[in-house]
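The structure appears right after this line, and notes come after that.
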Amino acid sequence: MSLVLDPAAQDLLFREARTANTFTDEPVTEEQVQAIYDLVKFGPTAFNQTPLRITLVRSAEARERLVRHMAEGNQAKTASAPLVAILSADNEFHEELPTLFPAFPQARDLFFAERPAREGSATLNAALQAAYFIVGIRAAGLAAGPMTGFDAEGIRKEFLDDDHTPLIVVNIGKPGEGASYPRSPRLSYEQVVTTV
């Protein structure tokens, strides 16, 4: 066996895990979300930067405000999920770098003094962290329904500020009846990997 991870864990995280479109009404607790974050915060990023910000949408009033900004095909899913998270990139992440990357505290000023450099790096590294977050949701025995079909500017104005860029909205919970489409094909190793 080439993988050290137990086959059951491989199934939980990857092979059997699916994007959920429906959910049961079982709540997702604050303790579950904290356990997920406390696991996935160790995923690697450039300079150990941590630009991902997670806005949990729990109240009915906030949910209504969010649903207005979702694409039509995503509105019902977002309205009915037990928990919804807005994942965004903090474009001012560089202020934390002297603490988060003490081996090279000058990185903040050397590489990220200009806003365009920060935005590009924040988007890339927050997207990495978002992927870790989705795998963490699966590790908690929950399902994720990540979506990019939304009015980003509307969500930014409604929930964030000018220093944050919304990336993904994730519905979270136990999968409901008919939660997933049939498994779609994936590219083979030979189609993806080139050795030089």
Side-chain angles (χ1 to χ4, degrees), residues 13-14 19 33-34 36-59 62-75 77-78 81 83-139 144-172 186-187 191-196:
L13 299 178
F14 296 100
T19 295
V33 178
Q34 183 164 350
I36 290 165
Y37 179 74
D38 286 342
L39 174 66
V40 304
K41 69 184 179 184
F42 294 107
T45 59
F47 297 105
N48 198 38
Q49 63 184 269
T50 308
L52 180 69
R53 297 296 178 265
I54 303 166
T55 303
L56 299 178
V57 181
R58 287 197 182 274
S59 74
R63 185 72 61 99
E64 287 179 23
R65 289 170 35 219
L66 175 60
V67 167
R68 287 196 304 256
H69 299 292
M70 300 304 294
E72 186 176 340
N74 293 331
Q75 289 179 350
K77 294 185 275 190
T78 299
L83 178 63
V84 182
I86 301 168
L87 305 186
S88 62
D90 181 356
N91 295 305
E92 297 299 314
F93 71 89
H94 68 302
E95 295 298 342
E96 300 158 343
L97 282 182
T99 300
L100 294 174
F101 199 58
F104 187 36
Q106 313 89 299
R108 175 185 67 189
D109 300 321
L110 188 60
F111 296 111
F112 303 112
E114 301 296 324
R115 176 75 179 227
R118 289 198 304 273
E119 288 178 351
S121 191
T123 297
L124 173 63
N125 286 281
L128 283 172
Q129 290 186 285
Y132 304 143
F133 184 71
I134 291 166
V135 173
I137 290 168
R138 294 172 171 184
M147 301 168 293
T148 56
F150 54 80
D151 172 10
E153 185 60 16
I155 287 179
R156 188 191 61 74
K157 286 180 180 177
E158 191 83 41
F159 294 96
L160 307 170
D161 59 34
D162 289 341
D163 290 331
H164 293 80
T165 303
L167 300 175
I168 304 171
V169 173
V170 184
N171 296 328
I172 305 168
R186 298 295 194 268
L187 296 178
Q191 291 174 291
V192 173
V193 178
T194 303
T195 301
V196 294

Asp90 (side chain) donor-acceptor with Arg53 (main chain) under 3.5 angstrom: no
What verdict does the side chain to side chain contact (heavy atoms under 4.5 Å, CB included) test give for Ile172 and Phe133, after you've listed the backbone C-alpha separation in whole Å, the side-chain angles of each residue and the deciding distance to 0.1 Å? CA-CA 11 Å; Ile172 305 168; Phe133 184 71; 4.1 Å; yes
Return yes if some donor-acceptor pair links the side-chain N/O of Arg115 with the main-chain N/O of Phe112 below 3.5 Å, else return no. no
Hey, what do you get for CE (Met70) to CG (Asp151), rounding to the nearest 0.5 Å? 10.5 Å
Whether the side chain of Arg63 engages the backbone of Ala81 through a donor-acceptor N/O pair (distance < 3.5 Å, no angle test) should be reported. yes
Distance col, row Ile134:CD1 vs Ile168:CD1, nearest 0.5 angstrom, shows 5.0 Å
Can you list the steps and then say if Leu160 with Thr55 is a side chain to side chain contact (heavy atoms under 4.5 Å, CB included)? CA-CA 9 Å; Leu160 307 170; Thr55 303; 3.8 Å; yes
Check Phe159 against Ala62 and note the closest heavy-atom contact, atom names and distance. CZ-O, 3.5 Å
Separation of Ile86 CD1 from His164 NE2 (nearest 0.5 Å): 11.5 Å
For Leu97 and Phe47 the tightest heavy-atom approach is CD2-O, 3.6 Å
Taking Asn125 for the side chain and Ala46 for the main chain, is one N or O donor matched with an acceptor at less than 3.5 Å? yes
If you round to the nearest 0.5 Å, how far is NZ of Lys41 from CD1 of Ile36? 13.5 Å
Assess whether side chain to side chain contact (heavy atoms under 4.5 Å, CB included) is satisfied between Glu95 and Arg108, documenting all intermediate values. CA-CA 7 Å; Glu95 295 298 342; Arg108 175 185 67 189; 3.7 Å; yes
Just checking, is any N or O donor in the side chain of Gln49 or Ser121 under 3.5 Å from an acceptor N or O on the other one? yes
For Gln34, does the CD atom have more than 12 heavy-atom neighbours from other residues, nucleotides or ligands under 6.0 Å away? no
So among Asp163, Thr165, Asp162, which one has a side chain to side chain donor-acceptor pair (under 3.5 Å) with Asn91? Thr165
Determine the minimum heavy-atom distance between Val135 and Leu13, stating which atoms define it. O-CD2, 3.7 Å
Spacing of CE belonging to Met147 relative to CG belonging to Leu87, to within rounding of 0.5 Å: 10.0 Å
Tell me the closest heavy-atom pair linking Ile155 and His69, and the distance in Å. CG1-CB, 3.6 Å
Heavy-atom pair with the smallest gap, counting every atom of Leu56 and Val33: CD1-CG1, 3.9 Å
Counting heavy atoms not belonging to Gln106, are there more than 12 under 6.0 Å from its CD? yes
Do other residues, nucleotides or ligands put more than 12 heavy atoms under 6.0 Å from Glu72 CD? no
I'd like to know if the side chain of Tyr132 reaches the main chain of Phe42, judged simply by a donor and an acceptor atom lying under 3.5 Å from each other, with no hydrogens or angles considered. no
Is there side-chain contact between Val40 and Gln129, with heavy atoms separated by less than 4.5 Å? no
Working to the nearest 0.5 Å, report the span between CD1 of Ile54 and OG of Ser88. 9.0 Å
For Leu66 and Glu158, what are the C-alpha separation, side-chain angles and deciding distance, and is it a side chain to side chain contact (heavy atoms under 4.5 Å, CB included)? CA-CA 8 Å; Leu66 175 60; Glu158 191 83 41; over 6 Å; no
Closest non-hydrogen atoms of Pro166 and Phe150, given as atom of the first, atom of the second and distance, are CB-CE1, 4.1 Å
